[in-house]
Amino acid sequence: MIFLGNALGLLTLNALKHDGFTGVMLLATAVMGALGGLLAVAALTYFKRWGWILGRAKWLWREWLTSLDPKKIGVMYIAVAFLMLLRGATDAAMMRAQQVLSVGQSHGVLSADTFQQVFSAHGTIMIFFVAMGLMFGLINLVVPLQIGARDVAFPFMNSASFWLYVAGAVLMNVSLVVGEFAATGWLAYPPLSELRYSPGVGVDYWIWSLQIAGVGSLLSGVNFLVTILKLRRPGMTMMKMPMFVWSVLNAMVLVVFAFPILTATLAMLALDRTLGMHFFTSGFGGNPMMYVNLIWAWGHPEVYILILPAFGVFSEVVATFSSKRLFGYKSMVWALGSITFLSFLVWLHHFFTMGAGANVNAFFGIMTMVIAIPTGVKVFNWLFTMYRGRIRFTTPMLWFLGFVVTFTLGGMAGVLMAVPSVDFQLHNSLFLVAHFHTMIVGGVIFGLFAGITYWFPKIFGFRLNERLGRYAFWCWLTGFLLAFVPLYILGMMGATRRLDHYEPSTGWRGLFIVAGVGVCVIGLGIGFQILQMIVSVWRRKENLDMTGDPWGGRTLEWSTTSPPPVYNFATLDAVTERDAFWASKQKKASGGRKPHYTDIALPKNSAMGIILAGFAFVLGFAVIWHIWWLAVVGLLGVIATIIIRTSTDDSEYTIPAAKVEEAA
C-alpha cells in the first residue's frame, strides 16, 4: 500500500469525494450513467445489434476520427464546442440560481468554494473550448474552400491541433470527478493561484488543460497562416481574397504572436506550483504583477482572435444577402490590420486600478478609444452594403442584425470604461462582466452561429430548418438582453463579480431574478438549436442543395458541389476577380472549353493525432497529481509519436485524373 501510494503521487480515494450539491449531482450522474449503460447493453443483446454497432464504430474510426480532411476536422471541432457550450451554459445557470437564492439567511444551493469553481470553469470553458472551438471549426470548413485550395498546408498538424484541443477539454472535465477545479477566477491571478493559497489540484487542472489546448491553437495558427499565404488559387492576389480569409489571416497573426505568451506564462505558474520556483511569489523576489501583465498581453489579443473571424463572417453574410459587393473593401482590409496592430497596445486597460500611474493609464486609455475607430468603420461599411440592396432576412442575416444591436451596446460600454477615472468606479463590478459578455456572446457567438448556418448547406448538402433557426435567434437575443442589461445596472449599483451571497437591503435581488430568467431564455434558444439540428437531419431530403449555391453566393466555395468532394475542386482555374464566383455567374458561357484534369495527391488518414493527444493528456494528468513515472511515460510517448509520424514516408494517396473527371 505504501508503494502504491507513492506510485500514484497525490492521487488517493479522497480525490473522488465531493460534498454537498456537487456530490449529489455527481452521484446522480454516475447512477444514471450506469443504469443507461446496462439498459443499452441489454437492448443490444436482446435485439442482436452488436454487429451493427461494431460496424458503425469502425466507420466512425475510419471516416471521421482518423481523417485529415479539414472539412471533417471542422465538423468535429464544432461538435465538441457545442458539447462544451452545454457544460458552460449549465455552469451559468448554476451561478444565476445561486445569486437568486443566496440572499440574507438563505445561502442557496452552492457552497462559496463550489461557486468559485463553477465561476472559473464557466469563463475558461466559454473562451477556450466554446468560442475557440467554434472559430477553428468554421476556419477548417471554409478557408481552404474560399482560397480555392484542396487542403491545408500541414494536414497532420491540423489533426494534432484538434485532438490536443479535445485532450484539454477532457482533462478539464475530469476535474469534475477526480479532484477539483480552480476557484481563482478564469485567469487565475497570483497570489491566489500560488500553492500557498490554492494548495489543491484545481489550479493545476486549469494550467494543464489550457496548456495542452493552447499548444493546439498555436499549431493551428501556424497552419492556417501558411495555408492562406501559400496555397491560394492562381491569380488570387492578397487584394482579391474574400473578407473572411482576410479576417482569419489577421486572427492567425495574433495567434502566432500571442499564444507563446500564454504558453510561457502558464509554464512559469506551473513551475511555481510544482517545483517551488518563485516567478510570481513576491515574498521570494517574484512579482505577481508580471503575471497580470503577461496574461493580459495574451488576453486582449485573444478577444480579437475570436472577434475578427466573426467580423469576416458578417462581411460574407451581409454581401450575399444584400446581393451587393461589400462596401469599402480596402478600408475593411486596413481596418482589420489596424485592429490587429492596436490589439497589442491596450492590454493594460484591464488593470487601470493597479497603480501603473496616470501617464501609463492615459496612454492605454487613448489606445483603447482609438481601436474603436476601425471597428466602427467595419460596422458602417456593413450598413452601407445593405443600403439599397435586395436584402433577404434569412437566419444568418438575423444573427448579423442581432450583433449590430448587442455589439453597439457593448462597444459604447467599452469606450466608457476606457476612461481610467470611470474604470476606477466600475472595475471588478458586474458592469465589466456585462460588457465582456456583450462583446463575446453578442459579437463572437452570434457571428459564429451566423457562419455555421450560412455554410451548413455547403458542408452537409442540405439547409437547416429556417423556422426553428429564427426561434433560436429570437430566444438568444431576448435572453441575452434580459441576462446582461440588468448586470450593467447592478454594476453601477456596486455589485461585484464572483458574488455568491448578498443582503436583501442592497435591492439587487429583482435584477438578479431578471438575469436568471434571461439565462433560461438562452437555454430555450439552445434547445431550439438542438431541435433545429434534429428536424433538419430528419427532413433533409426536403432541403437538399442540388446546385452547390443555395444562397446566391459570391466566393469560390459556392462553385463546387454541396457537400464538396474530398479534394474540394476538380480543377484549379485561375482567379481574375475579387468575388470570383459571382463574376463568373454574371458572364456568359465561355465557349465550352474542356477542363484539364490531373491526378490529385491527398494525405492518408492517421491515428497519430489521437495517440499524440492521448499521451499529452496522460502527461498533464500525471503532472497534476505528481505521478512522475506516468509523466515520463506521457512525455516519451509524445516525443515518440512525433518522431514516428515525421519519419513516415507513406503518408499520401493519389486519386487518378480519370476518377476526378468521372466524378466532376
Practice item. Take F449 and W399 through the ring pair (Phe, Tyr, Trp, His ring centres under 6.0 Å) test and state the conclusion after the steps. Key: CA-CA 7 Å; F449 284 168; W399 286 113; 5.3 Å; yes
Point to revise | N/O donor-acceptor pair under 3.5 Å between T66 side chain and W61 backbone | key: yes
Point to revise | Note, L348 side chain near W296 side chain (heavy atom, < 4.5 Å) | key: no
Point to revise | Nearest heavy-atom neighbours spanning V130 and M84 | key: CG2-C, 3.6 Å
**Study point:** side chain to side chain contact (heavy atoms under 4.5 Å, CB included) evaluation trace for N250 with L254
**Key:** CA-CA 6 Å; N250 281 274; L254 290 176; 6.0 Å; no
Review point. Would S651 and K604 count as having a side-chain donor-acceptor pair, cut-off 3.5 Å?
Key: no
Review point. Looking at CD1 of I212 and CZ of F621, how far apart are the two atoms once the value is rounded to the nearest 0.5 Å?
Key: 11.5 Å
Check your understanding: Are the side chain of R273 and the backbone N or O of V201 linked by a donor-acceptor pair below 3.5 Å?
Key -> no
Exercise for review: Using atom types as modelled and distance alone, determine if a side-chain donor or acceptor of K71 lies under 3.5 Å from a backbone N or O of I459.
Suggested key: no
Review point. What is the distance from atom CG of L187 to atom CG of L210, rounded to the nearest 0.5 Å?
Key: 9.0 Å
Point to revise | I655 vs V566 side-chain heavy atoms within contact, under 4.5 Å | key: yes
Exercise for review: Tell me, yes or no, whether the heavy-atom count around F257 atom CZ, taken from other residues, nucleotides or ligands under 6.0 Å, exceeds 12.
Suggested key: no
Check your understanding: So which heavy atom on A631 is nearest to which on V623, and how close?
Key -> CB-CG2, 4.1 Å
Practice item. Establish, from distance only, whether the side-chain atoms of N381 and S331 form a donor-acceptor pair under 3.5 Å. Key: yes
Review point. Would W558 and Y454 count as a ring pair (Phe, Tyr, Trp, His ring centres under 6.0 Å) if you check the C-alpha gap in whole Å, the side-chain angles of each, and the deciding distance to 0.1 Å?
Key: CA-CA 11 Å; W558 304 111; Y454 178 60; 5.3 Å; yes
Practice item. Using atom types as modelled and distance alone, determine if a side-chain donor or acceptor of N158 lies under 3.5 Å from a backbone N or O of F154. Key: no
Review point. In Å and rounded to the nearest 0.5 Å, what is the NE2 to CE distance from H437 to M126?
Key: 7.0 Å
Practice item. Could you check if a side-chain atom of E302 sits within less than 4.5 angstrom of a side-chain atom of L262, using non-hydrogen atoms only? Key: no
Practice item. Just say parallel, tilted or perpendicular for the rings of F259 and W298, cut-offs at 30° and 60°. Key: perpendicular
Point to revise | side-chain contact (heavy atoms from CB on, under 4.5 Å), paired with E194, selected from V203, D272, T184 | key: D272
Review point. Can any side-chain N or O of T648 pair as donor or acceptor with the backbone N or O of I644 at less than 3.5 Å?
Key: yes
**Study point:** Over 12 non-hydrogen atoms of neighbours within 6.0 angstrom of OH in Y653
**Key:** yes
**Study point:** Any donor-acceptor N/O pair, S159 side chain to F156 backbone, under 3.5 Å
**Key:** no
Review point. Under the 3.5 angstrom rule, does the side chain of T227 hit a backbone N or O of A153 as a donor-acceptor pair?
Key: yes
Exercise for review: Kindly say whether A418 contributes a backbone atom to a donor-acceptor pair with the side chain of T368 at under 3.5 angstrom?
Suggested key: no
Check your understanding: Are L306 and M439 close enough that some pair of their side-chain heavy atoms sits under 4.5 Å apart?
Key -> no
**Study point:** Exam field: side chain E316 to backbone F244, donor-acceptor pair closer than 3.5 Å
**Key:** yes
Check your understanding: Below 6.0 angstrom between ring centroids: does that apply to Y304 and W347?
Key -> no
Check your understanding: Can you check ring pair (Phe, Tyr, Trp, His ring centres under 6.0 Å) on W246 and F311, steps first, answer last?
Key -> CA-CA 10 Å; W246 266 112; F311 287 169; over 10 Å; no
Check your understanding: How close do F128 and Y165 get, heavy atom to heavy atom, and via which atoms?
Key -> O-CE1, 3.7 Å
Study note, to complete from the structure: Value for OH (Y189) from CE (M354), rounded to nearest 0.5 Å, stands at 5.0 Å
Exercise for review: For residues A335 and K378, report the shortest heavy-atom separation together with the two atoms involved.
Suggested key: CB-CG, 3.9 Å
Practice item. Any chance you could lay out the side chain to side chain contact (heavy atoms under 4.5 Å, CB included) test for N140 and K72, step after step, and finish with the verdict? Key: CA-CA 8 Å; N140 270 278; K72 291 183 176 179; over 6 Å; no
Point to revise | Straight-line distance of S247 OG to L249 CG, nearest 0.5 Å | key: 9.0 Å
Check your understanding: Should I611 and M608 count as side-chain neighbours, where that means a heavy-atom distance under 4.5 Å?
Key -> yes
**Study point:** Cation-pi geometry met for R233 and F569 (6.0 Å, 45°)
**Key:** yes
Point to revise | Heavy-atom side-chain proximity of H122 to T90 below 4.5 angstrom | key: no
Exercise for review: Could you check if a side-chain atom of F615 sits within less than 4.5 angstrom of a side-chain atom of I639, using non-hydrogen atoms only?
Suggested key: no
Point to revise | Within the 6.0 Å centroid threshold, strictly below: F364 and F351 | key: no
Exercise for review: Apply the test side chain to side chain contact (heavy atoms under 4.5 Å, CB included) to residues F456 and M533: give CA-CA distance (whole Å), side-chain angles for both, the deciding distance (0.1 Å), then the verdict.
Suggested key: CA-CA 11 Å; F456 189 92; M533 187 65 66; 3.9 Å; yes
Revision key, fill the gap. Taking every heavy atom of D151 against every heavy atom of N568, the minimum-distance pair comes out as N-ND2, 4.4 Å
Review point. Are any side-chain N or O atoms of K458 and backbone N or O atoms of T560, one a donor and one an acceptor, separated by less than 3.5 Å?
Key: yes
Point to revise | Atom pair CE (M157) and CZ (R645), whose distance is rounded to the nearest 0.5 Å | key: 11.0 Å
Review point. Are the aromatic ring centres of Y205 and F181 under 6.0 angstrom apart?
Key: no
Review point. Do T406 and V441 touch side chain to side chain, with heavy atoms closer than 4.5 Å?
Key: no
Exercise for review: Show your working on side chain to side chain contact (heavy atoms under 4.5 Å, CB included) between I139 and M252 and close with a plain yes or no.
Suggested key: CA-CA 10 Å; I139 290 171; M252 295 305 101; 3.8 Å; yes
Point to revise | Least distance between heavy atoms, A297 atom then I261 atom | key: O-CD1, 4.1 Å
